[in-house]
Amino acid sequence: MSSSVIFPAQPEQILKGLGKLWTSLGQEEKQQGKPTVLRACAMTLIVATDEEDNGYAASQFISELMREHPSRGIVLAVSDKAEHGLEARVLAQCWKPFGKAQQICCEQIEITAKPDSWPNVGPTLIGLTAADLPVIFWCRHRAALSPNATEEQKTGLQAVLDISTKVIIDTNSHDAAAALELVSWLRKNDRIVADLEWTRLTAWRQPIAQIFDNPARSNKFANFRIIEIHHAEDKPSPLALYAAGWLSSISGARVAFRQEKGFGSGLQRIRLLSEEETIEFERTGPECMHLFSTNGRERTYNYSEPSLYSLLHEELSVIGNDPAFDRAFARAQELLHA
Amino acid sequence: MSVVVQPVPEINLLQDPLRFDRRVPPCAVVIFGASGDLSKRKLLPSLYRLFYERRISPSFAVIGSSRTPMSDDQFRDRMKESVSKFLEDAPFDEDIWGSFAQCLFYVPGDLGNPESYDHIRNKLDEVEESHQTAGNVLFYLSTQPSYYAEAVKALGAHGLTKGRGWRRVIIEKPFGHDLQSARKLNEEIHTVLDESNIYRIDHYLGKETVQNILAFRFGNGIFEPLWNRRYVDHVQITAAESIGVEGRGGYYQEAGALRDMIQNHLSQVMATVTMEPPTLFDANNVRDERAKLLRAVRIMKPEDVPKYAVAGQYGPAKVGGQDMPGFRQEPSVDPNAQTDTYAAVTFFIDNWRWAGVPFYIRTGKRMPKRVTDIAIQFKAPPLGLFQQETKSGLREVRPNLLVLRIQPEEGISLRFLSKSPGGGMRVRPVSMDFNYGSSFGERSPTAYETLLLDAMAGDPTLYTRQDMVDASWQIVQPILDAWAQTKFDFPNYPAGSWGPKASDDMLARQGHVWRIP
């Protein structure tokens, strides 16, 4: 269910549109004589995009994420095709959990801005955030994040950054140096920044950490003085640097990067070497990972390339600071400049 | 008896509690009764799921044991069949199973045969070496309850309760058949095990929504000031099942609803709803408060039992166009059985917080639907400004009602009055809902996954302690004694109904009515 275009896109008009939407959803409830709609909201999730689909893909993503992270979703599509400088549309994303009688509904606002109107979007967004709840900003606007961003894009981006509790970006396919520089810039003023490249590493980090949980293990992590990171790309990607940063920030081990073609992009293998033992985590197929140790232990793990959905799901579950990322990021910067 | 001091775990700097699941140390799990239903339906599927989700240590092994002769491979094949069949809300992955199966072993044996324990010890030594389980062992007694004491004593006699790592024993319900047998069982087990290593399982406490009661009460400041006799009129706890005894007629005939549900699950739920806030959220503090509450429940005098407890048994009926047998017509059930398939009890808690507030607990089989919830009915406002006209001409108010739904639609709702739109001051009850599934869309772990992981991690918060078991038997024992002396005119409610009329009368005497959940 959605409204017609709201113009001008003033917060009051948009909120009025949302009010009407809930009233019409309530009509259904009245007709059926029992509660049929449940409104859910745990955060404001803003997605800015410059994709040519006018925010369609971002909007679809939000509707999927709402099942696990009910939110007031705001899609900000910056596009030349916008009819007015700044226009909006409100809609409800509803779904009925399997076997349940009641629909769960979250509200979504789609704002389309002409590029020259983006800098003016700040006051609109401030009025639209859900009260007393965190504001998460997922920036899919690649041009605004690039070093060549225009003044309008920079001002527009800043307007959203200013109201955000946490910013999510994805440096996948970025050059590692540019990626780390971007993250470093966004982290200024103690802003919480999440890079989905770091999130991709969780599937590797957890089984590695588990190995060293065993008190019976005599060969401790500190004994592994060489760490090899095998990546599919020509040069170490941000993911490979984060992996190296994470491991070496803990042990101070020497890091070596190697290129290795295998299954898909990204990390292929992490090898930890000590005098007595070598431990390897290797991608052995599209859906699995294998742990092998020269002490005779081995195990197959479930591993699939994390989907964008699962990465965002993880990041939306971590609202505050991420100390492990802070340490890994600092060390990755050192490794980059070493 | 000796106090076992657990070593402080080393700090693993690779751990990231923000993103990783809770750490569980390496261990071997020994399941006695491994070919039984519980193992097939719950234990192995839960362990596989924990393995699949990488929530248990890679240094892990399961040793199944039962009388059925089987090789390791035959056990693996059987368990594969069960796990793929009974796995709830989760995919079955052949590759992962292959890796999991490498951790499964089987030792045939009889609990009464001393040699069986030697075989288990040998297998434990073997997996400690091959799977680096660090000498930690979790024994799971999924056997006939009559074997519990014997099995624990044999574990002690064969040196299996001591070793390089920790040794813990999980004991399934029922823990005793009555107060006397529960005490005897405790005494026997304590000759071998320290209380800190005994994990009496009550799977209700492992349910996410039961745990959420504690978060709801003690994580929010707005409800606790109302959580007492000044504001609460009465509390109703309902655990209804739509199914009958489902092939467990023989067992159920001996147990009955009071023993099967109220003595353990529902008394623990009542304690969770009514206990005082613990000073710390740790196992001992939480369990101290639960035990203290159970000790405060008024013990009925024999002459009070007919007034405050009602037994029922379902008779045959047509439900949804289908003929449903009565309890006495179920297979393996005595045609003159005096078993309670329904029990309703009014409890009073004699402490400052709850004095005078009735707690109505009911449970039954073959009820209209499967539902478990706790309804806290608050007192009506002191002045009835918005009383409503009812069909019978009486004027009544609709007091606030807070419902904690345990299953199936897990969540919390608060009923309050709101003005109907339009002229005049007409009010109607509306409901403010929190739905567990919608706010946390992720899959909740099953109760057995939670409890197995807790036991491996050494967290007994959700397990019942000796004093809690003792106290919960004490509160039902007078009812059991009185009912054992009574010849009931059963059946007294038809299948598919909300129970016998006597149960409605019990509430009516206090001026209350059962809600329809």
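In what follows, every chain begins at residue 1, and chains take the letters A, B, ... in the order their sequences are listed. Note: hydrogens, waters and symmetry copies are ignored here, and every other heavy atom, side chains too, is used. Values in this document were obtained by computation on a predicted structure and should not be read as measured data.
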Problem - A/D322, part contacting chain B, at a heavy-atom distance under 4.5 Å - result: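 The answer is both parts of A/D322.
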Practice task
Name the region of A/F221, side chain, backbone, both or neither, that has any atom closer than 4.5 Å to a heavy atom of chain B.
Solution key: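 For A/F221, side-chain heavy atoms alone lie under 4.5 Å from chain B.
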Exercise for the section: List the atom of A/T300, the atom of B/S99, and the distance in Å for their closest heavy-atom pair. Expected result: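 Heavy atoms only, the tightest pair is N-OG, 2.9 Å.
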Exercise for the section: For residues A/L247 and B/L14, determine if any side-chain heavy atom of one lies less than 4.5 Å from a side-chain heavy atom of the other. Expected result: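 Of all side-chain heavy-atom pairs linking B/L14 with A/L247, at least one is under 4.5 Å.
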Exercise for the section: Would you indicate whether the side-chain heavy atoms of B/L18 and A/P323 approach each other to under 4.5 Å? Expected result: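 Yes, at least one pair of side-chain atoms sits under 4.5 Å.
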Problem - OG-CD1 distance between B/S59 and A/I211, expressed to the nearest 0.5 angstrom - result: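 Output value for this atom pair is 6.5 Å.
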Handout entry: Greatest number of heavy atom pairs closer than 4.5 Å to chain A - which of B/T133, B/V24, B/L13
Key =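 Most pairs with chain A among the choices: B/L13.
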Handout entry: For chain A, the option from B/Q102, B/R54, B/R19 that forms the most heavy-atom pairs under 4.5 Å
Key =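 Highest number of pairs under 4.5 Å: B/R19.
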Practice task
Can you sort out the partners of A/S274 under side chain to side chain donor-acceptor pair (under 3.5 Å), two or more places apart, ordered by chain and number?
Solution key: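 A/S274 satisfies side chain to side chain donor-acceptor pair (under 3.5 Å) with A/N219 once adjacent residues are dropped.
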Exercise for the section: Mark yes when over 12 heavy atoms from residues, nucleotides or ligands other than A/R254 sit less than 6.0 Å from its CZ; otherwise mark no. Expected result: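 Not buried by this count: 12 neighbours or fewer within 6.0 Å.
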Practice task
Decide whether a cation-pi geometry holds between A/R299 and B/F100; the criteria are a distance under 6.0 Å from NZ or CZ to the six-membered ring centre and an angle within 45° of the ring axis.
Solution key: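 The answer is no, since A/R299 fails at least one limit relative to B/F100.
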Practice task
Taking heavy atoms only and a threshold strictly under 4.5 Å, list by residue number the residues of residues 192-207 of chain A that touch chain B; give 'none' if the list is empty.
Solution key: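 When heavy atoms of chain B are the reference, residues 192-207 of chain A contributes A/W198, A/T199, A/T202, A/A203, A/R205, A/Q206, A/P207 within the under-4.5 Å range.
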Handout entry: Under 4.5 Å from a heavy atom of chain A, the part of B/P26 involved
Key =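 Contact with chain A is through the side chain of B/P26 alone.
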Exercise for the section: Would you check if the side chain of A/Q210 reaches a backbone N or O of B/P58 as a donor-acceptor pair within less than 3.5 Å? Expected result: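 No, A/Q210 side chain to B/P58 backbone: no donor-acceptor pair under 3.5 Å.
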Practice task
Under the ring pair (Phe, Tyr, Trp, His ring centres under 6.0 Å) rule, collect the residues that match up with A/F61, sequence neighbours excluded.
Solution key: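 A/F61 satisfies ring pair (Phe, Tyr, Trp, His ring centres under 6.0 Å) with A/W138 only.
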Practice task
Just jot down the salt bridge (Lys or Arg N to Asp or Glu O under 4.0 Å) partners of B/D95, sequence neighbours excluded, or say none.
Solution key: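 B/D95: no salt bridge (Lys or Arg N to Asp or Glu O under 4.0 Å) contacts found.
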